[in-house]
Amino acid sequence: AQSVTQLDSHVSVSEGTPVLLRCNYSSSYSPSLFWYVQHPNKGLQLLLKYTSAATLVKGINGFEAEFKKSETSFHLTKPSAHMSDAAEYFCVVSTNTGFQKLVFGTGTRLLVSP
Amino acid sequence: DAMVIQNPRYQVTQFGKPVTLSCSQTLNHNVMYWYQQKSSQAPKLLFHYYDKDFNNEADTPDNFQSRRPNTSFCFLDIRSPGLGDAAMYLCATSRVGLRTDTQYFGPGTRLTVL
């Protein structure tokens, strides 16, 4: 079965400093992996996805993630945090068999201070 | 420009009083999903439609039902809401349900049960 583990429930950074949100996955096949962001009282917005093409995936708003099979990781990074990045981030893996179902991590809340 | 639209954004109902939440999409996607998201938790899939085919998750309570009268619209009916049903309800769509597909989420409806 597929699963993801988000290693930090909260991450605090200062505006202008780098962001690192960590995610490890478990999958018996080559996974499809996603990062979604959710601002307070809003729906989920796709930041980026990996579907077995390039291992370095660039997303919206300056975010990127690198798929590392040897480490079973898919960490999300951004060089310089902005106040508007404060939100909940979900790492998600798609099931490999049958119809697509998304398996969500528990989420990481990113706090950005001035 | 909106792709997945949910109405209303906020819904207040009384304990035991039926309520219907609405979702529409302009993407012409085959698949529509309903998720329940409780406070500080990840979204939980309730059910999905592939065209007119309804697929219920095994642990979705009987109190929750859904209708999809056409490609564009999907409804979530809660027959007798309990206090534990207070949550954000998210609608999502995907093209055909492949594991590489992106799910596009609406802004959600926040349900309060008094």
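Letters A, B, ... are given to chains in the order of the sequence lines, protein chains preceding strands, and every chain is numbered from 1. All values below come from the heavy atoms of this structure, side chains included, with hydrogens, waters and symmetry mates left out.
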Point to revise | Contacting region of Val96(B) [heavy-atom separation from chain A under 4.5 Å] | key: backbone
Check your understanding: From Arg99(B) CZ over to Leu102(A) CG, what is the distance, rounded to the nearest 0.5 angstrom?
Key -> 12.5 Å
Practice item. Could you tell me which of Gly108(B), Cys91(B), Pro107(B) has the largest number of non-hydrogen atom pairs under 4.5 Å with chain A? Key: Pro107(B)
Review point. Heavy-atom distance under 4.5 Å to chain B: side chain of Gln38(A), backbone, both or neither?
Key: side chain
Check your understanding: With hydrophobic residues grouped by side-chain heavy-atom distances under 4.5 Å, do Val11(A) and Leu47(A) end up in a single group?
Key -> yes
Review point. What residues of residues 48-72 of chain B sit under 4.5 Å from chain A when only non-hydrogen atoms are counted?
Key: His48(B), Tyr50(B), Glu57(B)
Exercise for review: Using salt bridge (charged side-chain N to carboxylate O under 4.0 Å, His left out) as the criterion, list what pairs up with Arg109(A), not counting sequence neighbours.
Suggested key: Glu88(A)
Point to revise | Joint hydrophobic cluster, Leu90(B) plus Phe75(B), side-chain heavy atoms closer than 4.5 Å | key: no
**Study point:** Between CG on residue Asp101(B) and NZ on residue Lys49(A), distance to nearest 0.5 Å
**Key:** 6.5 Å
Study note, to complete from the structure: Per-residue tally against chain A (heavy atom, under 4.5 Å) across Ala42(B), Ser40(B), Pro43(B), Gly106(B) peaks at Pro43(B)
Practice item. Check the pair Phe104(A), Leu45(B) against side chain to side chain contact (heavy atoms under 4.5 Å, CB included), reporting the backbone distance first and the verdict last. Key: CA-CA 10 Å; Phe104(A) 287 80; Leu45(B) 181 64; over 6 Å; no
Practice item. Sort Leu44(A) into side chain, backbone, both or neither according to what part of it lies under 4.5 angstrom from a heavy atom of chain B. Key: both
**Study point:** Transitive ILVMFWY side-chain link Tyr36(A) to Leu33(A), under 4.5 Å
**Key:** no
Practice item. Tabulate, in ascending numerical order, the residues of residues 6-19 of chain B having at least one heavy atom closer than 4.5 Å to a heavy atom of chain A, or enter 'none'. Key: Arg9(B), Tyr10(B)
Check your understanding: Where along residues 68-80 of chain A does a heavy atom come under 4.5 Å of chain B, listed by residue number?
Key -> none
**Study point:** Contacting region of Tyr50(A) [heavy-atom separation from chain B under 4.5 Å]
**Key:** neither
Practice item. Quick one: pull up CD in Gln103(B) and CZ in Phe34(A) and give me the separation to the nearest 0.5 Å. Key: 7.5 Å
Review point. Linking I/L/V/M/F/W/Y whenever their side-chain heavy atoms sit closer than 4.5 Å, directly or via other members, would Leu20(A) and Phe90(A) fall into one cluster?
Key: no
Point to revise | Lys42(A) NZ: over 12 foreign heavy atoms closer than 6.0 Å | key: no
Review point. Does Tyr104(B) belong to the same Ile/Leu/Val/Met/Phe/Trp/Tyr cluster as Ile60(A), with side-chain heavy atoms less than 4.5 Å apart forming each link?
Key: no
